[in-house]
Amino acid sequence: MKKHYDIFISYRREGGQETALLISERLKQLGYRVAYDIDTLRSGRFDTQILGIIRNCRDVIVVLGPGALERCVNKDDWVRQEVACALASGKNVIPVLLRDFKFPDAESLPADIRELAFQNGVSASMEHFDSTFARIRGLLKTRRSGVARKLAYVLLPVFVLAAAGLAVWRNLD
C-alpha cells in the first residue's frame with residue numbers, strides 16, 4: 001500500500017540534516033505526514049519513490065546550508081532532482097536558509113531549479129527556532145492531517161468533561 005505524505009523535506013546531509021530532522025519531528029508532532037529521509041521509503045527503486053512522493057505531496061521544504069546548491073550543476077545531483085521535480089509539479093516550495101547560506105545569482109542556477117531563487121522562504125535561526133518554525137508553518141499550504149484534527153475533535157470534549165467533573169468534585173468538599 002502506497003503511503004501518502006503532506007510534506008517532503010529536501011536537504012544535504014552535510015550542513016542540513018540536523019535542521020531537516022528537527023523540522024520533520026516538529027511537523028510530525030503536529031499531525032503532518034512528513035517524508036524526511038530514506039527511512040520513509042519501501043523496497044524498490046528509491047529514485048522512483050522519492051519523485052513520486054514529491055509529485056503527490058503539497059509542500060516541499062528545501063533546507064539550504066552554505067554551498068548547498070554548488071553540486072546542483074550536476075544533473076544527477078539529488079537535491080537538484082528533488083527541487084526540479086517539485087517546481088515542475090507546481091508544489092509549494094519553501095526554502096529554509098541556514099546561517100551563512102547565500103543564494104547564487106539566479107542566472108547561474110540550472111534552468112530547471114532557477115525558480116527556487118524566487119520562492120518565499122525563511123531565514124532559519126537555531127537560537128530562535130520556535131519563531132523560525134512558526135514562519136515555516138505559516139508558509140505551508142498543507143494543514144494538519146485529518147487524523148490529527150479528528151483526534152483533537154474527539155479528545156476536546158473528553159478534556160472538557162474531565163475538567164467539569166474535577167470542578168464539581170472539588171466543590172463537594
Side-chain angles (χ1 to χ4, degrees), residues 2-13 15-41 46-72 75 77-99 101-126 128-150 152:
K2 190 174 173 181
K3 187 170 180 181
H4 175 77
Y5 295 95
D6 302 313
I7 302 164
F8 179 83
I9 301 178
S10 177
Y11 65 96
R12 290 239 182 261
R13 291 197 185 278
Q17 186 170 17
E18 293 81 13
T19 303
L21 176 61
L22 185 56
I23 293 168
S24 173
E25 292 303 315
R26 291 290 277 293
L27 289 169
K28 287 177 184 176
Q29 288 171 2
L30 294 174
Y32 293 96
R33 295 169 297 201
V34 181
Y36 151 75
D37 205 0
I38 57 173
D39 295 341
T40 58
L41 301 179
F46 79 92
D47 55 343
T48 305
Q49 290 181 62
I50 288 174
L51 298 178
I53 289 169
I54 293 169
R55 287 185 193 102
N56 289 306
C57 71
R58 192 161 191 190
D59 296 287
V60 174
I61 296 171
V62 183
V63 178
L64 298 168
L69 298 177
E70 290 174 2
R71 293 194 314 224
C72 288
K75 285 189 180 215
D77 179 70
W78 268 102
V79 169
R80 177 180 174 173
Q81 290 184 48
E82 292 166 358
V83 171
C85 179
L87 292 169
S89 302
K91 301 306 167 188
N92 180 42
V93 178
I94 304 167
V96 175
L97 316 178
L98 301 182
R99 179 178 289 160
F101 173 81
K102 303 275 189 281
F103 257 114
D105 179 47
E107 293 302 314
S108 69
L109 291 172
D112 58 351
I113 65 167
R114 191 166 292 146
E115 192 61 30
L116 179 65
F118 304 104
Q119 301 297 307
N120 193 12
V122 174
S123 292
S125 166
M126 292 300 104
H128 304 285
F129 187 75
D130 287 340
S131 63
T132 297
F133 184 72
R135 288 194 307 272
I136 292 169
R137 280 198 61 210
L139 293 173
L140 292 173
K141 290 194 175 181
T142 302
R143 298 297 159 226
R144 290 187 306 159
S145 77
V147 172
R149 196 174 319 114
K150 288 175 188 169

Q: Please check if the side chain of R12 supplies one atom and the backbone of A68 the other of a donor-acceptor pair under 3.5 Å.
A: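 Yes: the side chain of R12 pairs with the backbone of A68.
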
Q) Does R135 use its side chain to pair, donor to acceptor, with the backbone of S123 at less than 3.5 Å? A)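 Yes, because the side chain of R135 sits within donor-acceptor range (under 3.5 Å) of the backbone of S123.
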
Please tabulate, for the side chains in residues 57-66, all donor-acceptor contacts under 3.5 angstrom to protein atoms that are two or more places apart in sequence or on a different chain.
from: R58; atom 1: NH1; to: K141; atom 2: O; distance (Å): 3.4
from: D59; atom 1: OD1; to: N92; atom 2: ND2; distance (Å): 2.6
from: D59; atom 1: OD1; to: K141; atom 2: N; distance (Å): 2.9
from: D59; atom 1: OD2; to: K141; atom 2: N; distance (Å): 3.3
from: D59; atom 1: OD2; to: T142; atom 2: N; distance (Å): 2.8
from: D59; atom 1: OD2; to: T142; atom 2: OG1; distance (Å): 2.5

Specify the closest pair of heavy atoms between [X] and [Y], including all atoms of both residues, with the distance to one decimal.
X    : Y    : value
S125 : T132 : N-OG1, 3.1 Å
V96  : A124 : CG1-CB, 3.7 Å
C72  : D77  : SG-OD2, 3.5 Å
A106 : A117 : CB-CB, 3.9 Å
I53  : A35  : CG2-CB, 3.7 Å
F133 : I23  : CE1-O, 4.0 Å

Roughly how far apart are [X] [atom1] and [Y] [atom2], rounded to 0.5 Å?
X    : Y    : atom1 : atom2 : value
F118 : L87  : CZ    : CG    : 11.5 Å
L69  : F103 : CG    : CZ    : 6.0 Å
E18  : R13  : CD    : CZ    : 11.0 Å
L51  : E82  : CG    : CD    : 7.5 Å
L116 : I94  : CG    : CD1   : 11.5 Å
L30  : R26  : CG    : CZ    : 7.5 Å

**Q.** Non-neighbouring partners of R99 that pass side-chain contact (heavy atoms from CB on, under 4.5 Å), sequence neighbours left out
**A.**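 Residues passing side-chain contact (heavy atoms from CB on, under 4.5 Å) with R99: E127.
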
(Q) R71 vs V79, test: side chain to side chain contact (heavy atoms under 4.5 Å, CB included). Steps then yes/no. (A) CA-CA 8 Å; R71 293 194 314 224; V79 169; over 6 Å; no

Q | Qualifying residue for ring pair (Phe, Tyr, Trp, His ring centres under 6.0 Å) with Y36, from Y5, Y11, F8 | A |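 Considering Y5, Y11, F8, a ring pair (Phe, Tyr, Trp, His ring centres under 6.0 Å) with Y36 is found only for Y11.
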
Q: Walk me through it: do C85 and Q81 pass the test side chain to side chain contact (heavy atoms under 4.5 Å, CB included)?
A: CA-CA 6 Å; C85 179; Q81 290 184 48; over 6 Å; no

Q) Do the side chains of M126 and T19 get nearer than 4.5 Å, heavy atoms only? A)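 Result yes, sub-4.5 Å side-chain heavy-atom pair found.
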
**Q.** Any pair counted as side chain to side chain donor-acceptor pair (under 3.5 Å), so long as it reaches residues 107-121, sequence neighbours left out
**A.**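 For residues 107-121, and leaving out neighbouring residues, the side chain to side chain donor-acceptor pair (under 3.5 Å) pairs sorted by first residue read R80-D112.
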
